[in-house]
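Residues take their numbers from the sequence shown, with the count starting at 1.
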Amino acid sequence: MTTPATRVTRFDRGRWAEAGAETVRPGVHRIPLPLPDDGLRAVNVYALEGLTEGVVLIDGGWSIPESRKALEDALGGLGHDLGAISHVLVTHIHRDHYTQAVELRRLLGSRVYLGSGERRGLELLGELRTDQPVGSLRTLRRAGAHELAERIAAMDHGGFDPSVWEAPDRWLESEELRFGEAGLTVVPTPGHTRGHVVYLDRARGLLFSGDHVLPHITPSIGFELGGGTLPLGDYLASLRLMTTLSDARLLPAHGPVGDSVHARVGELLAHHDDRLAETLTVLGDRTLNAHAVAGELGWTRRKVAFADLTPFNQMLAVSETAAHLDVLVADGRARCTHEDGVDLYAVAPATAWRALAEQAAPAP
């Protein structure tokens, strides 16, 4: 068992969540931090040395005592205390990435950076003051999953703590951040959230990908306040954007470090192509809502039946299905009508979407 203060090398799939600091490159260290009752097991934050007089963190973790202790122990093994953290560059607003960044600023004076696309989501958190997944509840009702929406609304979501949802010190656009002689390129990657960003270290060939590119799973889509009108479309466009950048080593928020961003992006794009095709197959010649379609799809790599998922994972499944159906409508491959506040989907006539595809194809 690795002690928290030990530098280790564990790129294998099974042990990535063990506590401790893993040196990825000289001056770049992966530190997994615990999550409370979360199937993701841990969230990776990355400690960068040599950019400033202190330590720059990529992502902050979830503001719970166990996370702060794990971060303190791991930094101690690298010869730093918490007070060395000068900046926390956050990939997106979800609480396992953002809330401890706010707490570190309060304790240490660290500066917190966040993508400007998260501004509206942060404003809505302040207005609604709830930890309920309000956006997803709306999606569930639009998807015809009214009973599931009521079950989710009745669950204990931990209580809303307004103190951890403060604005950052700086809103980020597509830009270059300079820390002495070193630089990180901020690349907006909307999809998982509207303001998600990744940080590209061109000199060392590293991409700090947050939840945008993950090694073993695809991130949830359509699960936020203030999201875009076509979140999966945004996500797929952001994935394609990654292929226009030089390939880099993948440093994700959940899971072990990967060798190639481009390779993993290719797998994710293929997965979503397959999922879109499966969704069309389920529709067949019927008119269905997203809840009904989700109920006939398999989930996870093991193709678990929808009925065997927990209510929370059923919520994610319905949200993902609605997102895929909306992309099919945007592509002209499906049609959407509305009845009593529920979206109903059907496969578009083949002639319609084939004509659309021919129009989009490059001229010979």
Is a donor on one side and an acceptor on the other found under 3.5 Å between the side chain of R30 and the backbone of W16? yes

Those residues at least two apart in sequence (or on a different chain) that pass salt bridge (charged side-chain N to carboxylate O under 4.0 Å, His left out) with R119 are none

Margin query: Main chain of S63, side chain of T99: is a donor-acceptor contact present, judged purely on distance under 3.5 Å?
Written below: yes

Is a side-chain N or O of D343 found less than 3.5 angstrom from the main chain of A143, in a donor-acceptor match? no

**Message:** Quick check: do I85 and L71 have side-chain heavy atoms less than 4.5 Å from each other?
**Reply:** yes

* Asked: If you measure only the distance, is there a donor-acceptor pair under 3.5 Å linking the side chains of R202 and S246?
  -> no

Review point. Are L78 and V55 close enough that some pair of their side-chain heavy atoms sits under 4.5 Å apart?
Key: no

Taken in chain and number order and not counting sequence neighbours, the residues that satisfy side-chain contact (heavy atoms from CB on, under 4.5 Å) with S238 are T189, P190, H212

Stepwise side chain to side chain contact (heavy atoms under 4.5 Å, CB included) test for W62 and L33 = CA-CA 8 Å; W62 192 319; L33 300 179; over 6 Å; no

Nearest heavy-atom contact between V112 and P168 is O-CB, 3.4 Å

Between the CG atom in L75 and the CD1 atom in I31, the distance rounded to the nearest 0.5 Å is 4.5 Å

* Whether R301 side chain and H216 backbone form a donor-acceptor pair below 3.5 Å -> yes

Taken in chain and number order and not counting sequence neighbours, the residues that satisfy ring-ring contact (aromatic ring centres under 6.0 Å, His included) with H80 are none

Closest non-hydrogen contact found for D96 with V43 is O-CG1, 3.5 Å

Within the supplied structure, the quantity of interest is the number of heavy atoms (other residues, nucleotides, ligands) at a distance under 6.0 Å from R68 CZ; does it exceed 12? no

Scanning both residues in full, the closest heavy-atom pair of V197 with P188 reads CG1-CA, 3.9 Å

Query - Pair E267 + R264: basic N to acidic O under 4.0 Å - result: yes

In this structure, CZ of R105 is separated from CG of D169 (nearest 0.5 Å) by 4.5 Å

ask   = Just by distance, do the side chain of Q100 and the backbone of G60 share a donor-acceptor pair under 3.5 Å?
value = yes

Smallest heavy-atom separation, A322 atom then T139 atom, equals CB-CG2, 4.2 Å

Verify same cluster id: L137, V342 (apolar side-chain graph, 4.5 Å): no

Sorted by chain and residue number, the salt bridge (charged side-chain N to carboxylate O under 4.0 Å, His left out) partners of E103 (sequence neighbours excluded) come out as R106

Non-hydrogen side-chain atoms of V293 and Y345 separated by less than 4.5 Å = no

Look at the side chain of W299 and the backbone N and O of A294, then say whether any donor-acceptor pair between them is shorter than 3.5 Å.
-> yes

| field | Side chain D247, main chain V261, donor-acceptor under 3.5 Å | value | yes

R170 meets the salt bridge (charged side-chain N to carboxylate O under 4.0 Å, His left out) criterion, sequence neighbours left out, with E175

Check your understanding: Taking C-beta and beyond as the side chain, do I152 and Q314 meet within less than 4.5 Å on heavy atoms?
Key -> no

Are the side chains of P215 and P256 in contact, using a 4.5 Å heavy-atom criterion? yes

Notebook entry, point to check: Do D59 and Y199 come close enough that some side-chain heavy atom pair is under 4.5 Å?
Noted result: no

Original post:
Do W171 and L114 touch side chain to side chain, with heavy atoms closer than 4.5 Å?
Top reply: yes

D308/R302 salt bridge by N-O under 4.0 Å criterion
no

Flag, side chain of D234 to backbone of A237, donor-acceptor distance under 3.5 Å: no

Heavy atoms of V187 and L241 approach each other most closely as CG1-CD2, 3.7 Å

Applying salt bridge (Lys or Arg N to Asp or Glu O under 4.0 Å) to K69 and E66, what does each step give before you reach the verdict? CA-CA 5 Å; K69 179 65 164 56; E66 303 95 310; over 6 Å; no

Practice prompt. Before accepting this row, confirm whether a basic side-chain N of the pair E150/R141 lies closer than 4.0 Å to the acidic partner's carboxylate O.
Written response: yes

After noting the C-alpha distance and the side-chain angles of T300 and N313, does the key distance pass the side chain to side chain contact (heavy atoms under 4.5 Å, CB included) rule?
CA-CA 10 Å; T300 78; N313 285 318; over 6 Å; no

Q) Is a side-chain N or O of Y235 found less than 3.5 angstrom from the main chain of L230, in a donor-acceptor match? A) no

> Do V329 and L344 share a hydrophobic cluster, counting only Ile, Leu, Val, Met, Phe, Trp and Tyr and linking them when any side-chain heavy atoms are less than 4.5 Å apart?
Replying inline: no

Quiz prompt | Residue pair Y98, V88: steps toward the side chain to side chain contact (heavy atoms under 4.5 Å, CB included) verdict | solution = CA-CA 9 Å; Y98 190 64; V88 187; over 6 Å; no

| said: Quick check on E176: does its CD atom have over 12 non-hydrogen neighbours (other residues, nucleotides or ligands) under 6.0 Å away? | reply: yes

message = Counting only heavy atoms not in R151 (residues, nucleotides, ligands), do more than 12 fall under 6.0 Å from its CZ?
response = no

Going by heavy atoms in the side chains, are S220 and H192 under 4.5 Å from each other? yes

So the ring pair (Phe, Tyr, Trp, His ring centres under 6.0 Å) pairs with at least one residue in residues 242-264 (sequence neighbours excluded) are H97-H254

Mind running side chain to side chain contact (heavy atoms under 4.5 Å, CB included) on E320 and I221 for me, showing each step along the way? CA-CA 6 Å; E320 180 179 316; I221 301 295; 5.6 Å; no

* Would you confirm whether S116, through its side chain, and L172, through its main-chain N or O, come within 3.5 Å as a donor-acceptor pair? => yes

Nearest heavy-atom approach of R204 to P26 is NH1-O, 3.4 Å

Have H324 and E278 got a donor and an acceptor in their side chains that come within less than 3.5 Å? no

CG (L57) and CZ (F208) are apart, to the nearest 0.5 Å, by 11.0 Å

Next item on the list: Could you walk me through whether T218 and H271 pass side-chain hydrogen bond (donor to acceptor under 3.5 Å, both in side chains), step by step?
Entry: CA-CA 9 Å; T218 184; H271 161 77; 5.1 Å; no

Any luck finding a side-chain donor-acceptor pair between D211 and H94 under 3.5 Å?
no

